[in-house]
Amino acid sequence: MTPNPEIRTRFAPSPTGYLHIGGARTTLYNWLFARRHGGTFVLRIEDTDEVRSTADSVTAILDSISWLGLDWDEGPLDFEREKGPHASYYQMKRLASYQEHTKRLLDEGTAYPCYCAKEETDAVRKEAQAKGQPMPEDPCRRLSEAKRKEHEAAGRKAAVRFIMPDEGETIVDDLIRGKVHFENRLAPDLVIQKTTGGPTYNFACVCDDHAMAISHVIRGDEHLSNTPAQLRLYEALGWKPPKFAHLSMILGPDGTKLSKRHGATSVLEYRDQGFLPEALRNYLALLGWSNTESKQLFSPEELVKAFDLPGCQKNPATFDPVKLAWMNGEYMRALAPAEIVKRAEPFLKKAGLFPPPPGPSLERLAALEREKFKLLPDVPGRVDFFYRETELTDKARKTLSAPEAKPVLAGLAGLLASFEPFTEKPLEEAIRGFCAARALKPGQVFHPLRAAVSGRADGPTLFLMLELMGRETVVARLRGAMSKLGQS
RNA sequence: GGCGCGUUCGUCUAGCGGCCUAGGACGCUGCCCUCUCAAGGCAGAGAUCAGGGGUUCAAAUCCCCUACGCGCCA
């Protein structure tokens, strides 16, 4: 891919919480678009909400993005350091630039100080609304110098409002939704600076997107209605606006916006539940974007190659954890056994299986059970009985409590006590021979054997399982199961 | 309240006026494979394309209205 300096995208989170699924998808789409076109992906931290912004959130967001396998070319490296020619990428460190631009708009007369308290403007608007009248002009727009001095003298703090045109319309030419028309007379004058002196979201965003030479703003749907005002700001400041693409939102199973009450919404929670980053990334890519082939599984390279904005969905998408789990299973199965063990290490540790106790190698077990893994915790969950006796599952208990089980186990214990060599094929031959000799159907022997040895009714292929477990363990467990049966 | 966006199987979606008796994926059901469970293979159920009006020889596809959902501003 030849580098293309014209293409610059960004993700601009507020560090007021964790990176959630929706933000992750927005990040992914921005990243894909940049990579697809040889462009640059910028990460900017919108921390102007001083009360709610935290350093921990910044760290969590950076970790989440990295975990997903995405990288950014410019932005913070950690809470202290940054990279890129447009630093700082923290809005709190760019305050002077917003004030400078505000001053310019003020000087040029396209913005004015507004002394109205929020309640006052609200009341005026409500009244007009009730009477069905159009939005009245903001009273401070034509404030006399005397009146202004009066407010100042009274110690009233001013916000700064940007003048929106009274007529005509503003058209947002969105890359996903097409041309969207907005009537100017309906838009109130936009507050660009709060009474605290800080910039509003919409203003800081415009200043930074321009300063950072962003070419494509790919962001959530909720910002579409803000876009006309932003476009006017670009115009007033004499800047070329970027192209916009507004993504639909992600919904929970009940059709409302995905939130904490729907379960896990933070990317890190998915990591902790044992999802693979490549699976989550693939799933997220498909949630709101599709290609005409209806292809489901994409390697990162394929995704970068195939992704485009016109393929993005206009309507909101419901997050489906079941499909995510399926996809995760697909990725698990594609992993080499050694890699499965490596990825599952934290979960194995938690289960006390890492470093592995004496017994078969984790890698062999991973190979044995591979097609059953859906999530990483399934690795310890399906492999633990090789190392230690686990509690009987209900089904296994039922199999073992059948009256015909005990003599079978006794016979098998005798057969296997000094069986040589204790490997798959000879074991199978011998055990099948055992069935034939006693005129038993294979199932009548295999099922109790499996239950006694593994404690469960499902599991890996029987004879290889015996081989890996080893003679000592197998015989000990057969005898243990018998004695337990004897007691009951 | 105003404005904006959206509405195709339970879910993600294909579809850009005739190829649609609406295709794929997840999930579901059944069968096959088989020592169990998975995986895999095959088959099936599942959408009168939100509803109603137009336009057209022909509409899921274009236009209008209504309903519902969501967002923004207030």
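Every chain is numbered from 1, with letters handed out A, B, ... down the list of sequences.
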Report yes or no: do Thr170(A) and Arg232(A) form a side-chain donor-acceptor pair below 3.5 Å? yes
Just how far, in rounded Å, is P of rA38(B) from CG of Leu375(A)? 16 Å
Suppose you measure atom C1' in rA60(B) against the same atom in rC19(B); what distance do you get, rounded to whole Å? 15 Å
Is there a side-chain polar atom (N or O) of Arg382(A) under 4.0 Å from OP1 or OP2 of rA38(B)? no
Do Pro241(A) and Trp239(A) come close enough that some side-chain heavy atom pair is under 4.5 Å? no
Check each residue of residues 451-460 of chain A for a non-hydrogen atom within less than 4.0 Å of any atom in RNA chain B, then write out the ones that pass by number, or none. Ala457(A), Asp458(A), Gly459(A), Pro460(A)
Separation between the C1' atoms of rG27(B) and rA74(B), rounded to whole Å: 43 Å
Hunt down the Watson-Crick or G-U wobble partner of rU11(B), both distances under 3.5 Å, from any strand shown, or write none. rA25(B)
Footprint string (nucleotides 4-17 of chain B, 5' to 3'): B base within contact, S backbone only, - free, heavy atoms under 4.0 Å: SSSSS--SBSSS--
Are Arg161(A) and Leu190(A) packed together at the side-chain level, in the sense that at least one heavy-atom pair is separated by less than 4.5 angstrom? no
Integer angstrom distance from the P of rG4(B) to that of rC64(B): 12 Å
Across the strands shown, which category fits Glu330(A) at heavy-atom distances under 4.0 angstrom: base, sugar-phosphate, nothing? sugar-phosphate
Partner nucleotide of rG4(B) by Watson-Crick or wobble geometry (both distances under 3.5 Å): rC70(B)
Would you please classify the geometry between the Phe244(A) ring and the His246(A) ring as parallel, tilted or perpendicular, with 30° and 60° separating the classes? parallel
Atom CH2 of Trp326(A) and atom C1' of rA39(B) are separated, to the nearest Å, by 13 Å
Do Tyr98(A) and Gln91(A) make a side-chain contact, defined as non-hydrogen atoms from C-beta onward lying under 4.5 Å apart? yes
Between Tyr201(A) (OH) and rC73(B) (C1'), how many Å, whole number? 15 Å
Do Val475(A) and Phe419(A) have side chains that get closer than 4.5 Å, going by heavy atoms? no
Could you tell me which nucleotide pairs with rA45(B) by Watson-Crick or G-U wobble geometry, both distances under 3.5 Å, or answer none if nothing does? none
Expressed as a whole number of Å, how far does the P atom of rA59(B) sit from that of rG53(B)? 13 Å
Scanning both residues in full, the closest heavy-atom pair of Pro337(A) with Arg370(A) reads CD-NH1, 3.8 Å
Gap in Å between the two C1' atoms, one belonging to rU61(B) and one to rU55(B), rounded: 13 Å
Show the numbers, then the answer: is there a salt bridge (Lys or Arg N to Asp or Glu O under 4.0 Å) between Arg432(A) and Glu428(A)? CA-CA 6 Å; Arg432(A) 284 192 190 274; Glu428(A) 176 161 9; 2.9 Å; yes
Please report the C-alpha distance between Tyr283(A) and Phe319(A) in whole Å, then the side-chain angles of each, then the deciding distance to 0.1 Å, and finally whether the ring pair (Phe, Tyr, Trp, His ring centres under 6.0 Å) criterion is met. CA-CA 9 Å; Tyr283(A) 178 72; Phe319(A) 186 78; 5.4 Å; yes
Fit a plane to each ring of Phe307(A) and Tyr29(A), take the angle between them on a 0 to 90° scale, and name the class: parallel (under 30°), tilted (30 to 60°) or perpendicular (over 60°). tilted
Need to verify one output field. Residue with the more 5' nearest nucleotide on RNA chain B, Lys374(A) or Arg450(A)? Arg450(A)
Once you round it to whole Å, what is the distance between C1' of rA74(B) and CE of Met164(A)? 15 Å
Roughly how many Å apart are rA45(B) and rA39(B), using the P atom of each and rounding to a whole number? 23 Å
Aromatic ring pairing Phe33(A)/His216(A), orientation class (parallel under 30°, perpendicular over 60°, tilted between): tilted
Pairing check on rA39(B): which nucleotide meets the Watson-Crick or G-U wobble criteria with it, both distances under 3.5 Å? none
Pair partner, rC33(B) [Watson-Crick or wobble, under 3.5 Å]: none
Would you mind reading off the distance between Lys441(A) atom NZ and rU36(B) atom P, rounded to a whole angstrom? 13 Å
Chi angles and distances behind the ring pair (Phe, Tyr, Trp, His ring centres under 6.0 Å) call for Tyr201(A), His223(A): CA-CA 11 Å; Tyr201(A) 161 78; His223(A) 292 117; 5.1 Å; yes
In whole angstrom, give me the gap between the P atoms of rU8(B) and rC42(B). 29 Å
If only atom types and distance count, is the side chain of Asp166(A) paired as donor or acceptor with the main-chain N or O of Arg185(A) below 3.5 Å? no
Asn226(A) CG to rC70(B) P: how many Å, rounded? 19 Å
How long is the line joining CG of Leu462(A) and P of rU36(B), in whole Å? 10 Å
For rU56(B), what is the paired nucleotide under Watson-Crick or G-U wobble rules, both distances under 3.5 Å? none
Side chain of His447(A), heavy atoms from C-beta onward: which of rG27(B), rC70(B), rC35(B) has the nearest atom to it? rC35(B)
Counting the benzene-type ring for Trp, do Trp67(A) and Phe275(A) have ring centres under 6.0 Å apart? no
Between rG27(B) (C1') and Asn328(A) (CG): distance, integer Å: 17 Å
Span that lies between the P atom of rU7(B) and that of rC62(B), in whole angstrom: 10 Å
Contact residues, residues 409-429 of chain A to RNA chain B [heavy atom, < 4.0 Å]: none
Quick one: on RNA chain B, does Val191(A) or Phe373(A) contact a more 5' nucleotide (nearest heavy atom)? Phe373(A)
May I ask you to say what Met249(A) touches in the nucleic acid, namely base, sugar-phosphate or nothing, with a heavy-atom cut-off under 4.0 Å? sugar-phosphate
